[in-house]
2 protein chains.
Amino acid sequence: MQTIEKKKIMVVEGGGVTTPKGFKAGGLHCGIKRKRLDLGFISSVVPATAAGVYTTNLFQAAPLMVTQESIDKEHKIQALLVNSGNANSCTGEQGLQDAYDMQRLFAEKMGVPNHYVAVTSTGVIGVPLPMDKMKAGIEKSLEKENEGVIRFEQAILTTDTGVKNVCVQLEIDGEVVTIGGAAKGSGMIHPNMATMLGFITTDAQIDHTTLTEVLKEVTNQTFNMITVDGDTSTNDMVLVMANGEAKNKPITNNHPQWSLFVEAFQMVSESLAKQIARDGEGATKLIEVQVEGAIDDEAARGISKSIISSNLVKTAIYGTDPNWGRIVCAIGYSGEKLNPTHVTVKLGPITVVEKGLPFAFDEEEAKTYLQQENIHIFVDLHQGEGKATAWGCDLTYDYVKINASYRT
Amino acid sequence: MQTIEKKKIMVVEGGGVTTPKGFKAGGLHCGIKRKRLDLGFISSVVPATAAGVYTTNLFQAAPLMVTQESIDKEHKIQALLVNSGNANSCTGEQGLQDAYDMQRLFAEKMGVPNHYVAVTSTGVIGVPLPMDKMKAGIEKSLEKENEGVIRFEQAILTTDTGVKNVCVQLEIDGEVVTIGGAAKGSGMIHPNMATMLGFITTDAQIDHTTLTEVLKEVTNQTFNMITVDGDTSTNDMVLVMANGEAKNKPITNNHPQWSLFVEAFQMVSESLAKQIARDGEGATKLIEVQVEGAIDDEAARGISKSIISSNLVKTAIYGTDPNWGRIVCAIGYSGEKLNPTHVTVKLGPITVVEKGLPFAFDEEEAKTYLQQENIHIFVDLHQGEGKATAWGCDLTYDYVKINASYRT
């Protein structure tokens, strides 16, 4: 008789990047920003297997080049260092040198090889990093490693209104494996200029190739579903460190608990992605667009992104206006194959379009639904098995306010 | 001895779709909108050669199907009828029947075959056309044909703040040829849902194939440069009527004045496109993005559209913030091939980026420049001969206001 094994992934309330065994993190104020924390780090007791996904923007910031090159060497890092307030982007040769210096200074402080330190920056672009401040900050950084992970979570923020973290635990080979995460917001509706940064730590034992595979697959369904195709900043990056301290047998895609691990990893990424979307600049609502019945997943992704990227859909939801016509329109110009006469659209539980035509609904009920903070748009194309979910936020007066005067 | 022929295209101040010989137009209130004019028509004394470009949105509105089918029959129309306030889109079989009825009723009134009447609608989608009001309106429509072209220009508007018209004259074969135009705004920043309608009349003699060729080529460089790829409404359309009343020799691409005619046609289209962009919902500024030095025209179009579509660029310009980083970012994620280290960016006369790096400029001077109503962004990629220009507007509080409560 087989025992039915229950899937077990536990959310650790209040957990984050230092909940997995063997990780420390800290944050401090080095003076790039006026008052708020602006320099943060995560370190591991041992070198950790590393994987990253990087912006596809042709203007790639200097720290990303340095980090990518460093990880490519040995596929391991032992620490990562982030500054906020200055993106070290469009800074030319000097910027590259500064990124290397930033890396070297922290590596020396840590007593590890330079290429064991990943570096990243977020903030204003085109302004050289103030290296004197960075140097002084790095000098005293490690003193801060016992003052709470929240200081790291705060130090990486720019226009975000709050910290973003998540932590889950699961059992693998009888060992407790923990995955923690922190992120800073894309901070805007199309996250093109503000940087999205995600940092995931785990004490799982897993090799570089497998870790990269998981990261890419999961990123496509989470972090990339809050961005419009190619609509990426010069500094976007998601980094994972896996230090193996849980002592499980190495996870591969043949491991019996492989899919459980992937699911847990997905939960962490999805949670961070949704926290980022919800905290879009000026946002008052999180919008989730779920598309089913597309000819394939790729088409479903295209359609869900087309809807979530529509300024008109976003403003309608801000105004609690059940304007299904704008949703239908965004489906129609998505460029994906579909039959308009098969389309169903729901706002939460309320069907508003059936077979491509308006479906009678109670306007007041729909307006009441749209007053909630979490809005769910469901689209069924009745064409195939393809599905995808995308997340975004509403477009508000505050978005305009924040972005009409961000730099000055 | 050859005489150097001077190119001569004259702008006719105050001219419009009835300035070319043999055209009449009118507008009235039939009751779809509360007070404003909502039914307009243009007619020609003789059947006119017709050409159209139609939305690529998969949800195509009923009147577009009827119009396209009708023009395809004989490539001629003698009149067009437009109502505003109701788009007759997502209205199923009933909508199609209503569009045919609208066409038939006006054709009977005019005494022409049904397929000599083009019909189009703009406004709210998913609501059946109030055919009783339409019928009564059509009944008395022709009485209004001597009350001024402005009534037609007004009758086609929705959220536009003003009428859009243009007229030019040139000499062909010693005859004065006139081209006039009217348009209604896309009314929004990405013109996806609000409809863009353009109507061009000319008394030039020109065959259908040539007219279609000119329209398509010019539309690609004008009307399509104020839209994001595929970002089209269910009702977008540009229609041209050429009634031959100028009695020139038929224009073909072998005609000695072919390029002069194309240039005049381009002037008309570009003027209407810019008027639409400038009147984007809530807009305070017209933004022109001129890209040169791309590997080809296609790449230049992609890059200029990427910039003009960026919410961040649009809000920065609204806030008179010379935030060149957002422009550089939009270039970088355009998906087009380019070398970041070759890029020059200018705001009006002020160079802000050179060789992909920030170029020292006077912040106050740039802010002063951005306070103007017409903003010019110039990008040189130094990669080839490709060039394109795109137009748009800034993103303002009023955009959010208008679109958060358009339908209700």
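Note on naming: letters A, B, ... go to the chains in the order of the sequence lines (proteins, then strands), and numbering restarts at 1 for each one.
- For the atom pair A:N311 CG and B:K314 NZ, the distance stands at 8.5 Å (nearest 0.5 Å).
- Contacts with chain B were tallied for A:A87, A:G335, A:P340; A:P340 has the most, counting heavy-atom pairs under 4.5 Å.
- For B:E373, the CD atom counts as loosely surrounded, since its 6.0 Å shell holds 12 or fewer non-hydrogen atoms of other residues, nucleotides or ligands.
- Interface remark: B:S89 contributes no atoms to any contact with chain A (heavy atom separation under 4.5 Å).
- Proximity to chain A is absent for every atom of B:E93, based on heavy atoms less than 4.5 angstrom apart.
- A distance of 14.5 Å separates OG1 of B:T315 from NZ of A:K401, quoted to the nearest 0.5 Å.
- Enclosure of atom NZ in A:K33 by more than 12 non-hydrogen atoms of other residues, nucleotides or ligands within 6.0 angstrom is indicated.
- Looking at B:V353, neither its backbone nor its side chain comes within 4.5 Å of chain A, counting heavy atoms on both sides.
- Rounding to the nearest 0.5 Å places OH of A:Y397 at 9.5 Å from OG1 of B:T396.
- Residue contact with chain B, scored on non-hydrogen atoms closer than 4.5 Å, involves the side chain of A:V343 exclusively.
- Scanning both residues, A:P358 and B:G126, for their nearest heavy atoms gives CG-O, 3.3 Å.
- Applying side chain to side chain contact (heavy atoms under 4.5 Å, CB included) to A:L58 and the options B:V328, B:I331, B:L338 leaves one that passes, B:L338.
- In this structure, B:F59 and A:G332 approach most closely via the heavy-atom pair CD1-CA, 3.6 Å.
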